[in-house]
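Quick caveat: nothing in here was measured; it's all calculated off a predicted structure. Both counts, for ligands and for their atoms, begin at 1 and track the order of listing.
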Amino acid sequence: MKKPILVIACLFCCAPLLAQIKTKAKPKPAARLAAVDGKGIYEKYCLTCHQGDGGGVPNMNPPLIKTSYVLGDKTRLIKVVLNGFSENVDIDGESYSNVMPSHDFLKDQEIAAVLTYVRKNFTNKAGPITTAQVKAVRATNKKKI
Ligand code: HEC
């Protein structure tokens, strides 16, 4: 006679557990966040000068294809985007007359995404730039001003 009561009691006990299993199946909040689109940022902020294929414009805007800036020191590369570039120095043997404005209005993760896109496209095969690296460079960058 006591058995049905036990079964019912057990069902009550298990209900919260079952509910938990259900919530666990939901995608985690991080996975639902839209990934920052490096290509989209490139097309919006960099393409007009550096062109869709990263080839640049002769004597005006340098290419982003295997240059020492793109493939070299990550801090220097991040600073180009944060501070802009108007040094009029030779970039791998050429000089460019145009001035690149500062893009420090972009978020750390946007700069990381666009530079990762540049370093992995246009026949470049360099490792990614992380949001943490951009954050660190931005922090030291501010101190100097
Ligand atoms: C208004 C045009 C313009 C825009 C927009 C622009 N750049 Fe530049 N960029 C230049 C010019 C011009 C130079 C070289 C400046 C010099 O030689 O004084 C340069 C230099 C660079 C360099 C270092 C040199 C090289 O060729 O490797 C990198 C890297 C770079 N830009 C990346 C970017 C990225 C990424 C964006 C978008 C977030 C961007 N630029 C937006 C014009 C631009």
Check your understanding: Should the pair Y45 and H103 be assigned to parallel (<30°), tilted (30 to 60°) or perpendicular (>60°) ring geometry?
Key -> perpendicular

**Study point:** Proximal ligand 1 atoms for V80, defined as those under 4.0 Å from one of its heavy atoms
**Key:** 21 (C), 22 (C), 28 (C), 30 (C), 31 (N)

Check your understanding: Is V57 linked to V99 within one hydrophobic cluster, defined over Ile, Leu, Val, Met, Phe, Trp and Tyr using a side-chain heavy-atom separation of less than 4.5 Å?
Key -> no

Review point. Which atoms from ligand 1 have a heavy atom of P63 less than 4.0 Å away?
Key: 25 (C), 26 (O), 27 (O)

**Study point:** Flag if over 12 foreign heavy atoms under 6.0 Å of NZ, K39
**Key:** no

Review point. What are the atoms of ligand 1, with element, lying closer than 4.0 Å to any heavy atom of C49?
Key: 1 (C), 2 (C), 3 (C), 4 (C), 5 (C), 42 (C), 43 (C)

Point to revise | Closest protein heavy atom (residue, atom, distance) for atom 17 (O) of ligand 1 | key: I91 CD1, 3.6 Å

Check your understanding: Tell me, which protein residue and heavy-atom name are nearest atom 18 (O) of ligand 1, and how many Å apart are they?
Key -> N88 N, 3.0 Å

Check your understanding: Hey, is there an N, O or S on N61 sitting under 2.8 Å from atom 8 (Fe) of ligand 1?
Key -> no

Check your understanding: Starting from atom 20 (C) of ligand 1, which protein heavy atom do you reach first, and at what distance in Å?
Key -> P62 CG, 3.6 Å

Practice item. State the atoms of ligand 1, each with its element, that fall below the 4.0 Å cut-off from a heavy-atom position in Y45. Key: 5 (C), 37 (C), 41 (C)

Point to revise | Where ligand 1 meets N98 - atom numbers and elements under 4.0 angstrom, heavy-atom basis | key: 2 (C), 12 (C), 15 (C)

Point to revise | Taking atom 7 (N) of ligand 1 as the reference point, the nearest protein heavy atom with its distance | key: H50 NE2, 2.7 Å

**Study point:** N or O contact, T67 vs ligand 1, cut-off under 3.5 Å
**Key:** yes

Review point. After noting the C-alpha distance and the side-chain angles of F85 and Y96, does the key distance pass the ring pair (Phe, Tyr, Trp, His ring centres under 6.0 Å) rule?
Key: CA-CA 10 Å; F85 203 120; Y96 300 90; 9.6 Å; no

Review point. Which ligand 1 atoms are under 4.0 Å away from a heavy-atom of L77?
Key: 29 (C)

Practice item. Using the six-membered ring wherever Trp is involved, compare the ring planes of Y117 and F122 and label them parallel, tilted or perpendicular (cut-offs 30° and 60°). Key: perpendicular

Practice item. Decide whether F105 and V81 are clustered together by the hydrophobic rule: side chain heavy atoms of Ile, Leu, Val, Met, Phe, Trp, Tyr closer than 4.5 Å, transitively. Key: yes

